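The structure under discussion appears below in the form of C-alpha cells.
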2 protein chains.
Amino acid sequence: MTHLKHPAMTQALREAGYRLTQPRLAVLQVLQENDAGLSPEEIYRQGKTLCPTLGLVTVYRTLDLLAELGLARRVHSEQHCHSYASAGADRHYVICQACRRVIEFPCHGLDDLIAEVRQRTGYTIVGHLLELSGLCPDCQARQEM
Amino acid sequence: MTHLKHPAMTQALREAGYRLTQPRLAVLQVLQENDAGLSPEEIYRQGKTLCPTLGLVTVYRTLDLLAELGLARRVHSEQHCHSYASAGADRHYVICQACRRVIEFPCHGLDDLIAEVRQRTGYTIVGHLLELSGLCPDCQARQEM
DNA sequence: TTCCTTATTGAAAAAATATTTCAATACGTT
DNA sequence: AACGTATTGAAATATTTTTTCAATAAGGAA
C-alpha cells in the first residue's frame, strides 16, 4: 500500500471517528481500482495482495461500514447479490432474461427524474442503478422459431 | 387451487413443453397475488397453503424456470437478494445509504430512455428496476450534527 | 378410463455465503 | 515508548442455495 489514491475517503473515515487500518485501506483501494461491482469474495481475494493478513470477515464488516458512511454502495449484480462498488459508481445495463447476457449503455435523461424524486422525498441522491430486463436479439430470434 | 387467475402464464408453460404441476401453479399464483418482490422463503411459506407438499427446492427450481421463460423476474430487494416478482412488475425506489429506509416513487420519464436503449442494443425491454441511493432527510440532519 | 413413460418432485446431504463470538493485535493518543 | 481501546482474524454458528436420487404424478397412448 504505497500510494493512497483516496485521500478524501480516508479522511472521511477518520472524521467519523474510525481508525485508519491496513485492512480498511486495502478494501478501499480495491473498490477504487474496480469499476464494476465486486462480491465480498472478490474483494477479499484482491485485498489480500495489498494486506496479506486480511480476513473475509473484515471485508464484510468494512463494506457495511463504508456503505453506512456513503463511501461505498451496494450494487445488485445478477450473479452476486452482495456486490459493492465505490461510491458514485452508477450503473446502467440491460440484461437478457433468457440467456443472462448483459450490455451496458450510456445513461442520460435521468437527471430530471432524479431532481423530481429529490423534491418529492427530500432524499439527497448520490447514485443510481438502472437495470432493464428483456430479451436480447438472439433470444428473440430463438423464440420465434 | 380452485381458481386460476393466470391462464396466459400457464399456457406459456405448456407451450414451452413443461408440465403444469401443482407446485408450479402454486408458485405462479403466489407471485400473482403479490406486488412486491418475494424471497424464495416467503414464496415457499405462502405456496404451502396452496400446495401443502410444496418443497423449498422446488420453489428455487420453479423460479429459475419462470425467469427463463420471462414469466417472472428477479428483483433485487435490499433484504433479500434472490427475490422474484411476477413479470412486468417494475420497481422504483430510493434507499437511504445510512439507515436503509426505502421509499418508492412513481416513475415517469423513463420511456424515452428505454426507447433509445432498445434502438441501440436491439433488446426488447419488458421491465426495469431503478434504484436510487442517497441519504434520507433524517440521516442528512444527523450527519450535520 | 387405465396404463406407461418420463419429467418433476421433496428430503437429505453438500456447498456456498453470511454472521457471531472472543482472545489477540495494532491504531492513535498521551 | 506505553497505554487504552477499537479492530482484527480464526473458529464456530447460522443462513441460504445447489446437488443428488429414489419416489411420485403429469399427460399421452391404448
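Quick note on labels: first sequence line is chain A, next is B, and so on, each numbered from 1. Quick caveat, the model's predicted, so the values are computed rather than measured.
Put simply, CG on Leu31(B) and CG on Leu38(B) are 6.5 Å apart, with the number rounded to the nearest 0.5 Å.
Side-chain atoms of Arg24(A) come within 3.5 Å of backbone atoms of Arg19(A) as a donor-acceptor pair (strictly under, hydrogens ignored). Between the side chain of Thr121(B) and the main chain of Val117(B), a donor-acceptor pair closer than 3.5 Å is present.
A straight line from CD of Glu41(B) to C1' of dA14(D) spans 13 Å, rounded to a whole angstrom. Between Asp64(B) atom CG and dT8(C) atom C1' there is a gap of 15 Å when expressed in whole angstrom units. As rounded to whole Å, 8 Å separates atom P of dT7(D) from atom CG of Leu65(A). As a whole-Å value, the separation of Arg24(B) CZ from dA26(D) C1' is 10 Å. Distance CZ (Arg45(A)) to C1' (dT17(C)): 16 Å, rounded to an integer number of Å. Between the CG atom of Leu56(B) and the C1' atom of dA12(C) there is a distance of 13 Å, given to the nearest Å. Summarising the geometry, the separation between CD on Glu42(B) and P on dT17(D) is reported as 12 Å, rounded to the nearest angstrom. Following rounding to the nearest Å, Leu13(B) (CG) and dA7(C) (C1') show an atom-to-atom distance of 13 Å.
Place Val57(B) and Val57(A) on DNA chain C by their nearest nucleotides, and Val57(B) ends up nearer the 5' end. The residue among Tyr44(A) and Tyr18(B) whose nearest nucleotide of DNA chain D lies closer to the 5′ end is Tyr44(A). The residue among Leu54(A) and Arg19(B) whose nearest nucleotide of DNA chain D is located toward the 5' end is Leu54(A).
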Determine, stepwise, if the pair Ile43(A) / Thr62(A) fulfils side chain to side chain contact (heavy atoms under 4.5 Å, CB included). CA-CA 11 Å; Ile43(A) 294 170; Thr62(A) 303; over 6 Å; no
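Put simply, Thr21(A) has a side-chain N or O that comes within less than 4.0 Å of OP1 or OP2 on dT8(D). Regarding contacts with the backbone of dT8(D), every side-chain N or O of Thr53(A) stays at 4.0 angstrom or more from both OP1 and OP2.
A side-chain donor from one of Asn34(B) and Gln46(B) sits under 3.5 Å from a side-chain acceptor of the other.
Among the atoms of the strands shown, base atoms are found under 4.0 Å from some heavy atom of Arg61(B).
When distances run from any side-chain atom of Tyr60(B) to the nucleotides dG10(C), dT16(D), dG27(D), the shortest one goes to dT16(D).
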